[in-house]
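Please read the structure below before turning to the comments.
The chains referred to below are lettered A, B, ... by the order of the sequence lines, with proteins before strands, and numbering in each begins at 1.
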There are 2 protein chains.
Amino acid sequence: MSRKGNDAAAAAGGTVRRATIKDVAEAAGVSRSTASRALTGRGYVATDVRERVLDAARELRYVPDATARYLKQQVSLSLGVLVSDLRNSFYARLAAGAGAAARGQGYSMVLAEDGGSVEAQLEAAETFVAMRVAGVVVTPVSADVSTYLSRHRIPVVEVDRQFAAGDVDAVVVDNHHAAQRVTQRLIDLGHRRIALFIDETTWTTGRERHSGYHAALSEAGVPLDPDLVVSSGWDVEAAHAAAVALLQTDRRPTAVFAANNVLAEGVWRAANDLALSIPADVSLVSFDDAPWMSLVTPGLTAVAQDESALGETAVRRLLERIAAPDSAPLTVMMSTKIVDRDSIQAPAAD
Amino acid sequence: MSRKGNDAAAAAGGTVRRATIKDVAEAAGVSRSTASRALTGRGYVATDVRERVLDAARELRYVPDATARYLKQQVSLSLGVLVSDLRNSFYARLAAGAGAAARGQGYSMVLAEDGGSVEAQLEAAETFVAMRVAGVVVTPVSADVSTYLSRHRIPVVEVDRQFAAGDVDAVVVDNHHAAQRVTQRLIDLGHRRIALFIDETTWTTGRERHSGYHAALSEAGVPLDPDLVVSSGWDVEAAHAAAVALLQTDRRPTAVFAANNVLAEGVWRAANDLALSIPADVSLVSFDDAPWMSLVTPGLTAVAQDESALGETAVRRLLERIAAPDSAPLTVMMSTKIVDRDSIQAPAAD
DNA sequence: CTCATGGGCGAGATCGTTCCCATATGCCAA
DNA sequence: TTGGCATATGGGAACGATCTCGCCCATGAG
């Protein structure tokens, strides 16, 4: 023995080296090549030798170094997932679904948040490139991420919203149609003054939800009142303030369609603060079905997306693309459903 | 030139190799060593040479391979974060805090979920070892994770609950004290029949919350009624079923203390289903303050933990330990506060 | 007996990076 | 002049795995 064993070093208080395949090979009295074959199961190894190697590996608690393996094979087993805000249940569930799908396929998930910032998103993308992840699932905030990652030959799937339609895969829902249907529902109940709360119309989500709302009104011959389309900010507070303002006007809407769960929360809080009764004084529907919407009274009628399925599908699509890098980009459309609860009813007679 | 450039290869439809430091060095007309020095900023490089190298790197869109760097330096820049369930806002916020802190210190976060399963948790730990993460933050479900990771020389911080007290660092809250205070609050209002909903008393969280409840009752001389301590299962449905059963008995409790947000949701739903008014018919307090608790009417009085701070602190502690591997393990106690809302009041006179 | 075949094993190259070391030059003090 | 020091650069060896070779040995067919 030319070198002290690990146990001796440990007893001496020295730093314990992690066991490498070389240690395993020496302990089993074989070469590194043979040890590798025994451990990976590729190539010929005599059964007794294989046993010796496996025993040695167990004994030494050998865990192969994934980074070294990647370096040699140039095949990574981790996926990047990049979302806006984990505190938002929508993204949390999306990430949970993605993580589960990844794990199920033997991948691990590197998760990053960008808080909706383009720069933060690019920074995260750069980290993913540096880590040589096998692919990335992203809820994009600009076209730049997909472009950047594609340039670096990293497969991307856009999920929830789409900025690079046609260039990369995407998994989305039919925002236009769902928004139209739910607006239609309000119109059918007799509503004519229907407000839309929306944060952003430059993303596909916002744009399509807006157009769906618009389409439903047009089709019913209800004139579009620009004052009823409220572009509040991103967060609950902004939506809350905007809702308080709108709901206090003398000709307030009889119904509100909130284009996402954050906006719905703002409107809900505003109605509560103003002691307006939902749905008696004002009906409320939401795009996105957040957990709280089934807990409050009345429960909120909402367009529900299966966020987990969104994440899972995105990961599955990503792995398909990794397997077939040159196939044409696909946009997968997931279904939504309207969950009927008790936050909408016919408007009070004037 | 002995080899085709990338552009030519791209034009020919061939696979484009990612630029390596060797490519950068050649493009700048220097050796790999010099290129490395210019890029990392360690060691002497003439200013004009540095410029040339940096230009070449930009030109070739060079992004250093983090795995290769790790292999050489044996210093990893990713952290493992292992939680039970991202769909639970508690864990989501914890993970968000951890991720933010990690990113702030230049680390990226590898996130895994174990769904509360010991085996899944160990599997995730094994992945972390294989990936050679610099450290792990975990909400443990057994002592095995910490033991396993420690054996592999990977620093661990237990967060929320503690299984390896004294052996590894931990970030927790004073469950006993907080539970005692909130139970005391109910007693002070005049409640004597106070139910405790709890899922598990083998974890520190459950055990301590139980003991705090117990302590408050003892101190007030209220006899402990074992029928009022409900060990329901993990999920909302189980808690809901148990709560429906309990709240229908003729001598139902005048107040319920739910030991976490999931149980609180079960109890809340049960009360609603039974048309019991909170707090008139039954008072309800929760350990954990979930987002929905401020949206429902009445708002739920709850013991609030700052989940983000929990995650951030755990990561900070982890990095401290990485910096000083031989310092004594520390248990950091975070504060809680009771947020008063409207779900508790004095019991109705018998 | 020869030669092809296939099982079994090890030497050494390789992935992309860093880092130690050797070498070289210019400058200043002894 | 010599020695020492700071600056500047390149050669080559790692890090830990995998993988391509090439070699050896049985076995069995011709």
Side-chain angles (χ1 to χ4, degrees), chain A residues 3 6 15-54 56-57 60-77 129-134 152-153, chain B residues 3 6 15-54 56-57 60-77 129-134 152-153:
Chain A
R3 183 178 54 70
N6 264 353
T15 313
V16 188
R17 255 192 338 98
R18 236 187 288 260
T20 71
I21 202 173
K22 195 177 158 212
D23 300 319
V24 174
E26 282 174 5
V30 297
S31 72
R32 281 159 30 248
S33 314
T34 303
S36 175
R37 276 190 297 265
L39 292 165
T40 60
R42 281 187 280 272
Y44 298 114
V45 196
T47 35
D48 59 323
V49 174
R50 161 177 291 116
E51 289 308 320
R52 277 214 322 275
V53 172
L54 261 39
L60 295 173
R61 301 183 203 288
Y62 170 71
V63 178
D65 185 325
T67 64
R69 174 178 298 166
Y70 163 77
L71 193 58
K72 173 65 183 166
Q73 304 191 136
Q74 304 283 6
V75 175
S76 160
L77 283 179
V129 174
M131 295 181 77
R132 304 295 194 253
V133 297
H152 284 274
R153 311 281 137 185
Chain B
R3 183 178 54 71
N6 264 352
T15 313
V16 188
R17 256 194 335 99
R18 236 187 286 260
T20 70
I21 201 174
K22 194 176 158 215
D23 300 320
V24 174
E26 281 174 7
V30 296
S31 71
R32 280 160 27 249
S33 312
T34 303
S36 174
R37 276 190 299 264
L39 292 165
T40 60
R42 280 186 280 272
Y44 299 112
V45 195
T47 36
D48 60 322
V49 173
R50 160 177 292 115
E51 289 308 321
R52 276 214 321 276
V53 172
L54 261 38
L60 295 173
R61 301 183 205 286
Y62 170 71
V63 178
D65 186 325
T67 65
R69 174 177 299 168
Y70 163 77
L71 192 60
K72 175 63 186 171
Q73 304 191 139
Q74 304 281 11
V75 174
S76 160
L77 284 180
V129 173
M131 295 183 76
R132 304 295 194 253
V133 297
H152 285 274
R153 313 279 138 186

Considering only residues two or more places apart or on different chains, which pairs with a residue in residues 60-69 of chain B satisfy salt bridge (Lys or Arg N to Asp or Glu O under 4.0 Å)? A:R132-B:D65

Encode nucleotides 15-24 of chain D as B, S and - characters from 5' to 3', where the letter depends on protein heavy atoms closer than 4.0 Å: B to the base, S only to sugar-phosphate, - to neither. BBBBB-----

Enter the distance from B:L60:CG to B:T20:OG1 here, rounded to the nearest 0.5 Å. 9.0 Å

Over all atoms of both residues, closest heavy-atom pair of A:L39 and A:Y62: CD1-CE2, 3.5 Å

d(A:R32 CZ, A:E26 CD) to nearest 0.5 Å is 10.0 Å

Identify which nucleotide among D:dT7, D:dT9, D:dG10 has an atom closest to any side-chain atom of B:V49, counting heavy atoms from C-beta outward. D:dT9

If a pair means Watson-Crick or G-U wobble with both distances below 3.5 Å, what does DNA chain D look like in dot-bracket form, with | marking bases paired to a different strand? ||||||||||||||||||||||||||||||

Please, which pairs that meet side chain to side chain donor-acceptor pair (under 3.5 Å) have at least one residue in residues 38-52 of chain B, sequence neighbours excluded? none

Who passes side chain to side chain donor-acceptor pair (under 3.5 Å) against B:Q74, sequence neighbours left out? B:Y70

Within a strict 4.5 Å, meaning less than it, do heavy atoms of the B:V45 and B:V53 side chains meet? no

At under 4.0 Å, does any side-chain N or O of B:Y44 touch on OP1 or OP2 of D:dA8? no

Among all residues two or more places apart in sequence or in another chain, which pass the side-chain contact (heavy atoms from CB on, under 4.5 Å) test with B:A134? B:S76, B:L79, B:Y107, B:I322

Closer to the 5' end of DNA chain C via nearest nucleotide, is it A:S31 or B:A66? A:S31

